[in-house]
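Accompanying notes for the structure given below.
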Amino acid sequence: MCYAIPGRIESIENKTVVVDYFGEKKKAYNELDGLAIGDYIYAQGGYAIQKIPEDEAKSILAVWRETFFELQEVDLKLSRLDLNQQSVPAGFLKVLDKAAEGRKLTKDELLLLMKGKSQPALKLLFKTANFLRQKHHKNSCCVHGIIEISNDCRANCGYCGIAAGNQNINRYRLSGEQILEAARQAIEIHGFKALVLQSAEDSGYDIKELAEIIRKIKANWPALIFISFGEVGLDNLRILYDAGARGLLLRFETSNPQLYREVTAGKELTSRIAHLKRAYQLGYLVITGGLIGLPGQTEEDLLNDILLTKELHAEMYSFGPFIPHPQTPLAGYPSASVETVLKVSAISRIVDAANAKILVTTALETLDPAARREALLSGANSVMLNVTPLEYRPFYNIYPARAHETESIETQISDTIGLLMSLGRSPTDLSV
Ligand code: SAM
């Protein structure tokens, strides 16, 4: 099973190719040598990442052809919207009506949605987000893999179980060979087309070593590579880009500078934001967002987080619930609620309807396994599967009892595909 379907190149202009997927045309940036009209390729995140032989492409497409349209039908049915709801307060309804029409909401209107409490109102908010997701992105859902390569951290964020201050965990750092093998398995055996390499802020890796690993992955197994190593330094972002990384996953955690300082033991938000801005300038696809439910965080803070994510040109929104870890300074605070996470997902979709890919996080699934489905029906259209070697996963315990910690990759894939199909979603990455 692949996580993207091949498309046929219809036209080429400089570095841009137009690709046909069962009649839908999408643009992709081409960094491959020797592509010609009529070739079949895989594209991810707007990049052409691999040319594949015509026979192979045609046999994959033959399998997909019927399913592709059947799934779109199911999705369309599930995303119908009826705004004639007596039980929803008139003011709330008016704002949703405006959102559904694609008109830009004011900050006050967005805040009204964020402060919504009644169940019928929230249900309709989630449905509106799902309607907009379907309208702009059809039924495509990104499925990325993530390898957690190290939990050895120099930072001391107060929420995080692998922070330097926690003396009670076993630290690990995968070697270059182990990372390459994990990447090979994810891409070659399991079919991932987009892979995130994530680590704690680990001084134990040299930047040249990380660049070399990325270079080797790109040379051997075509995929879109995202890095998530924390604040590596602005110049190092370029080194990793030149090595072939094309995406950066870096949450700003909270857009409130004072709250950021408090929960990160005095770090400055400006530094994190500078990384995100430089990454965008360099050409990285940006995945960012924040933690929902930090102590003292307000609803307005959360709305500002969403607006900042848009301002940073995020390709993908990554917002997950704070879950307390017993060996951290924030141990005594409660987790965010599933409802608040779904609200953030839905309002993100309304704010950035046509562009945003919105991730369902593992942390949300940890709060409630059923929430993955709910989030996919509340504006989200992306999931990440943990392809870290099983023996290391328990050590990356940023919060306790992480979902999928003991599940094989095969199980995660089959469960995910099953869920996506039941919702009429295609595990593809076609939005460009
Ligand atoms: N070092 C990289 C960085 O700084 O972005 C990536 C690793 S960091 C552990 C990945 C993410 O874990 C953080 O951006 C944070 O939002 C999330 N995280 C850490 N502790 C958490 C907790 N207790 N609950 C939920 N998410 C948490």
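First listed ligand is number 1; within each ligand, the first listed atom is number 1.
- Contacts between C157 and ligand 1, counted as non-hydrogen atom pairs separated by less than 4.0 Å, are absent for every part of the residue.
- Nearest protein neighbour of atom 1 (N) of ligand 1, counting heavy atoms only, is S199 O, 2.9 Å.
- In terms of protein heavy-atom proximity, atom 9 (C) of ligand 1 is closest to I398 CG2, 3.5 Å.
- A donor-acceptor contact shorter than 3.5 Å is absent between the side chain of R184 and the backbone of W221.
- Contacts between Y396 and ligand 1 below 4.0 angstrom, taking non-hydrogen atoms only, involve the side chain exclusively.
- Here's the thing with S228: none of its N/O atoms is less than 3.5 angstrom from an N/O atom of ligand 1.
- Environment of NZ in K267: crowded, with over 12 heavy atoms of neighbouring residues, nucleotides or ligands closer than 6.0 Å.
- The ring-ring contact (aromatic ring centres under 6.0 Å, His included) contacts involving residues 227-256 comprise Y241-Y284, where partners must be two or more places apart or lie in separate chains.
- Between S318 and ligand 1 there is no heavy-atom distance shorter than 4.0 Å.
- The main-chain N or O of L376 is found under 3.5 Å from a side-chain atom of R425 such that the two form a donor-acceptor pair.
- Interatomic distance, I409 CD1 to T416 OG1, rounded to the nearest 0.5 Å: 11.5 Å.
- If you look at L250 next to ligand 1, the close heavy atoms, those under 4.0 Å, all belong to the side chain.
- Using a 4.5 Å cut-off on side-chain heavy atoms (C-beta onward), H190 and E410 make contact.
- Numbered from 1 in the order shown, with element, the atoms of ligand 1 that lie under 4.0 Å from a heavy atom of Y399 read 22 (C), 23 (N), 24 (N), 25 (C), 26 (N).
- Within ligand 1, the atoms closer than 4.0 Å to a non-hydrogen atom of R251 are 14 (O), 15 (C), 16 (O), 17 (C), numbered from 1 in the order shown.
- For ligand 1, the atoms sitting less than 4.0 Å from at least one non-hydrogen atom of A200 are 1 (N), numbered in the order shown with element in parentheses.
- Distances shorter than 4.0 angstrom do not occur between any heavy atom of G320 and any atom of ligand 1.
- The residue P324 has no part lying near ligand 1, judged by heavy-atom distances below 4.0 Å.
- Ring geometry, Y47 versus Y29: the interplanar angle exceeds 60°, so the pair is classed perpendicular (tilted spans 30 to 60°).
- Residue I323 has at least one nitrogen or oxygen atom sitting less than 3.5 Å from a nitrogen or oxygen atom of ligand 1, judged on distance alone.
- With a 4.0 Å heavy-atom cut-off, ligand 1 is reached by the side chain of R272 but not by its N, CA, C or O.
- Only the side chain of Q198 comes within 4.0 Å of ligand 1, counting heavy atoms alone; its backbone N, CA, C and O stay farther away.
- Closest to atom 26 (N) of ligand 1 among all protein heavy atoms lies L291 CD2, 3.3 Å.
- Around atom 25 (C) of ligand 1, the closest heavy atom drawn from S335, A363, P321 belongs to P321.
- Scanning both residues, V286 and H313, for their nearest heavy atoms gives CB-O, 4.3 Å.
- The two residues S335 and P324 have their closest heavy-atom pair at OG-CD, 3.2 Å.
- The protein heavy atom nearest to atom 13 (C) of ligand 1 is E253 OE2, 3.2 Å.
- Heavy-atom contacts of G230 reach the following atoms of ligand 1: 1 (N), 2 (C), 3 (C), 4 (O) (cutoff under 4.0 Å).
- Under 4.0 angstrom from ligand 1, there are no non-hydrogen atoms of H325.
- Side chains of N304 and S255: no donor on one and acceptor on the other come within 3.5 Å.
- The shortest non-hydrogen separation linking N166 to N168 is OD1-N, 2.9 Å.
- Between F322 and V263, the closest side-chain pair of non-hydrogen atoms is not below 4.5 Å.
- For atom 11 (C) of ligand 1, no protein heavy-atom neighbour is found at a distance under 4.0 Å.
- Looking at L377 and F126, their side chains never come closer than 4.5 Å, going by heavy atoms from C-beta outward.
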